Amino acid sequence: MQKSTQSSIGKLEGELMHEAEEIDHILGDEYEHKPVPNQARRSLFSITMVWIGFPMIITGAMTGSLLVLGMGFQRAIAAMVIGNLLMFAYVGALGVLATKTGLNFALMASSVFGKKGYAIASGLLSTLLLGWYAVQTGITGNLVSSAFSMNYVLMTILAGVIYIGITFVGVRGLHYIGMASVPLFLGLGFWVISESSSSTTWSAIFNYAGNNGVASMSLGAGLTMVIALFADAGTVSGDFSRWARTKNESLMATFSAFPFANLIAMLIGGIFTAALAVPNANPFGMDNMFGYAIAQKIGWLSILAVAFLYINLGSVCSHCLYNSAIGWSRILHSRMRIVALVLGAIGIAVAAGNVWAFFIQWLSLLGILVPPIGAIILIDQYFIKDSKRVEQAWRWKAFAAWVIGSVVAFIIEKYMPQLSTAISSAVVGGASYWAIMAFEGEARLASDNI
């Protein structure tokens with residue numbers, strides 16, 4: 001009986017893998033388990049569309065609103081600019097490594113954390129990204145439900161199914177959703193700024209001091225919010241940048257996301273919030289660009305706003321689900337598209353439980369756990385020359401540095417909240433790895449990798 005059951009399961013798995021191979025032949029190979037070959041690399045325009053459509057989203061505008069509410073307009077702008085420039089340096093450097101090798105994050109992490117140890121780093125990030133997919137899907141359902149008094153769970157399921165479909169197409173799907181999302185965001189965003197600012201002055205906006213005239217958020221906390229918003233996806237940037245043809249094109253595509261797209265999204269949200277100066281505004285309720293458009297009670301504008309919401313958040317959700325599926329498909333030795341279907345269904349179930357309500361706590365968690373991983377990889381690949389490194393199942397040095405960086409960040413979060421946990425965790429994690437490797441006599445400048 002047991003042998004018969006195992007045989008049936010094995011046959012089913014074989015059939016699924018065969019069908020997945022047929023789909024890959026039609027839609028294109030996603031190279032979950034091997035480098036992207038040069039002939040499969042995509043154009044600068046295509047990679048730029050993949051990247052620019054990722055952070056130019058309403059959630060970025062909401063984050064900009066939270067920053068302005070908590071810090072006042074001028075200090076919030078400083079946090080946005082500094083945070084996005086740091087993101088460009090971080091994501092760009094990781095992206096160049098991926099472009100050079102053609103490897104996704106999971107494959108790249110194998111040499112740093114070990115051929116078995118990588119599964120911890122990749123699995124954590126892939127799970128966090130699945131959580132991010134659930135958060136954004138829940139936000140979609142919540143906004144539509146709040147605007148039209150529709151069933152939250154039903155609207156969330158509808159959003160999740162659409163986003164799974166986009167992800168299933170693969171990197172081409174990310175390209176096309178970016179092409180649709182960006183013009184819609186810019187059009188609606190600049191209309192909202194124009195309308196909301198018409199009843200005030202730019203001087204009043206610039207001098208907006210924060211919610212009820214009180215700036216309660218430190219610059220460090222603001223930087224953590226900016227960085228943590230895409231810290232997880234930025235760390236696995238190799239999943240996208242491996243498709244670029246050259247290092248320069250990889251950097252240009254990254255620049256379109258950070259600082260360009262992410263900064264524009266945050267600025268639109270921040271200007272909108274400072275212009276209206278609504279006491280105790282709730283950006284995750286209806287005090288945002290979507291809610292403002294709906295409040296005009298204009299039929300065609302409401303239809304456009306709903307289409308914008310599903311397409312715009314569909315962009316970030318499909319990116320996150322793609323990252324998560326690439327990571328877990330490598331760990332499970334499966335195909336991205338099969339894993340995306342399963343993970344997407346799990347994400348919808350989580351989203352239906354109002355996980356979006358823990359947005360701020362989510363960003364704090366990401367700021368503590370994620371940045372050390374990318375910092376360790378950067379130190380290892382750019383500054384540790386170890387061409388004779390023996391392949392190991394587990395590299396405890398990388399894990400030790402990761403733990404040190406995250407523990408320090410947790411302490412800072414608890415006892416020194418005025419500092420940035422995201423920056424602290426990255427700096428301490430990277431420095432710890434360098435120190436451990438130097439103590440072992442393995443730290444040498446890898447000039448050929450720079």
Side-chain angles (χ1 to χ4, degrees), residues 54-55 57-63 65-66 123-169 173-174 177 181 228-230 232-233 282-291 294 302-303 305-329 332 334 336-366 369-370:
F54 199 179
I57 53 172
I58 190 172
T59 316
M62 292 173 176
T63 303
S65 294
L66 291 174
L124 173 67
L125 285 175
S126 297
T127 302
L128 290 173
L129 283 158
L130 177 62
W132 202 219
Y133 161 84
V135 167
Q136 305 277 6
T137 301
I139 289 174
T140 311
N142 177 64
L143 289 177
V144 175
S145 173
S146 299
F148 302 104
S149 300
M150 302 178 76
N151 183 274
Y152 166 74
V153 174
L154 182 60
M155 291 300 98
T156 300
I157 292 173
L158 174 62
V161 170
I162 293 172
Y163 303 160
I164 291 172
I166 297 168
T167 308
F168 191 82
V169 177
L174 306 186
I177 191 66
S181 176
L229 187 63
F230 283 96
D232 47 356
N282 179 16
F284 287 88
M286 295 302 286
D287 297 321
N288 51 55
M289 53 194 290
F290 170 78
I294 295 296
S302 295
I303 295 172
V306 172
F308 154 78
L309 186 69
Y310 275 95
I311 292 173
N312 186 249
L313 287 182
S315 180
V316 67
C317 284
S318 57
H319 280 73
C320 289
L321 185 56
Y322 180 85
N323 288 138
S324 182
I326 286 289
W328 275 113
S329 64
L332 299 174
S334 184
M336 184 281 289
R337 292 183 171 94
I338 294 176
V339 176
L341 293 175
V342 176
L343 293 180
I346 294 172
I348 291 173
V350 174
N354 287 329
V355 69
W356 60 270
F358 299 96
F359 180 78
I360 300 299
Q361 296 92 326
W362 185 259
L363 292 185
S364 296
L365 176 65
L366 296 181
L369 294 179
V370 175

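Computed from a predicted structure; not experimentally measured.
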* Counting distance only, does the side-chain N/O of Y322 pair as donor-acceptor with the main-chain N or O of M336 below 3.5 Å? -> no

* Spacing of T167 atom OG1 and R337 atom CZ [to the nearest 0.5 Å] -> 10.5 Å

* CG-OG1 distance between L66 and T59, expressed to the nearest 0.5 angstrom -> 10.5 Å

* Asked: For the residue pair M286 and L143, what are the closest heavy atoms and their distance?
  -> SD-O, 4.2 Å

* For I164 and A340, which heavy atoms make the closest approach, and how far apart are they? -> CG2-O, 4.4 Å

* Asked: Could you give the distance from CH2 (W132) to OG1 (T127), rounded to the nearest 0.5 Å?
  -> 15.5 Å

* To do: Measure up the F54 and H319 rings against each other and bin them: parallel (under 30°), tilted (30 to 60°), perpendicular (over 60°).
  => parallel

* Return the minimal non-hydrogen interatomic distance between G138 and A351, and the atom names on each side. => N-CB, 3.8 Å

* side-chain hydrogen bond (donor to acceptor under 3.5 Å, both in side chains) between T140 and Y163, worked out -> CA-CA 11 Å; T140 311; Y163 303 160; 3.2 Å; yes

* To do: Answer yes or no: is there a side-chain heavy-atom contact under 4.5 Å between M155 and F148?
  => no

* To do: Could you grab the distance from atom CD1 of I348 to atom OG1 of T156, nearest 0.5 Å is fine?
  => 9.0 Å

* Asked: Any donor and acceptor pair, going by atom type alone, linking the side chain of S145 with main-chain N or O of M150 inside 3.5 Å?
  -> yes

* To do: Report yes if some heavy atom in the side chain of L365 is under 4.5 Å from a heavy atom in the side chain of L128; otherwise report no.
  => yes

* Asked: Rounded to the nearest 0.5 Å, how far does OH of Y133 lie from CG of L313?
  -> 12.0 Å

* Is the backbone N or O of G314 less than 3.5 Å from a side-chain atom of S318, with the two atoms forming a donor-acceptor pair by type? -> yes

* Option from L343, N323, L124, L321 for which side chain to side chain contact (heavy atoms under 4.5 Å, CB included) with L129 holds -> N323

* Which heavy-atom pair separates P283 from S65 by the least distance, and what is that distance? -> CG-CB, 3.7 Å

* **Under 3.5 Å: donor-acceptor pair, side chain of S324, backbone of C320** => no

* Asked: Can any side-chain N or O of N282 pair as donor or acceptor with the backbone N or O of D287 at less than 3.5 Å?
  -> no

* Which pair of non-hydrogen atoms, one from G60 and one from L229, has the smallest distance, and what is that distance? -> CA-CD2, 4.0 Å

* Structure fact -> The reported gap from OG in S146 to CD1 in I294 (rounded to nearest 0.5 angstrom) is 11.0 Å

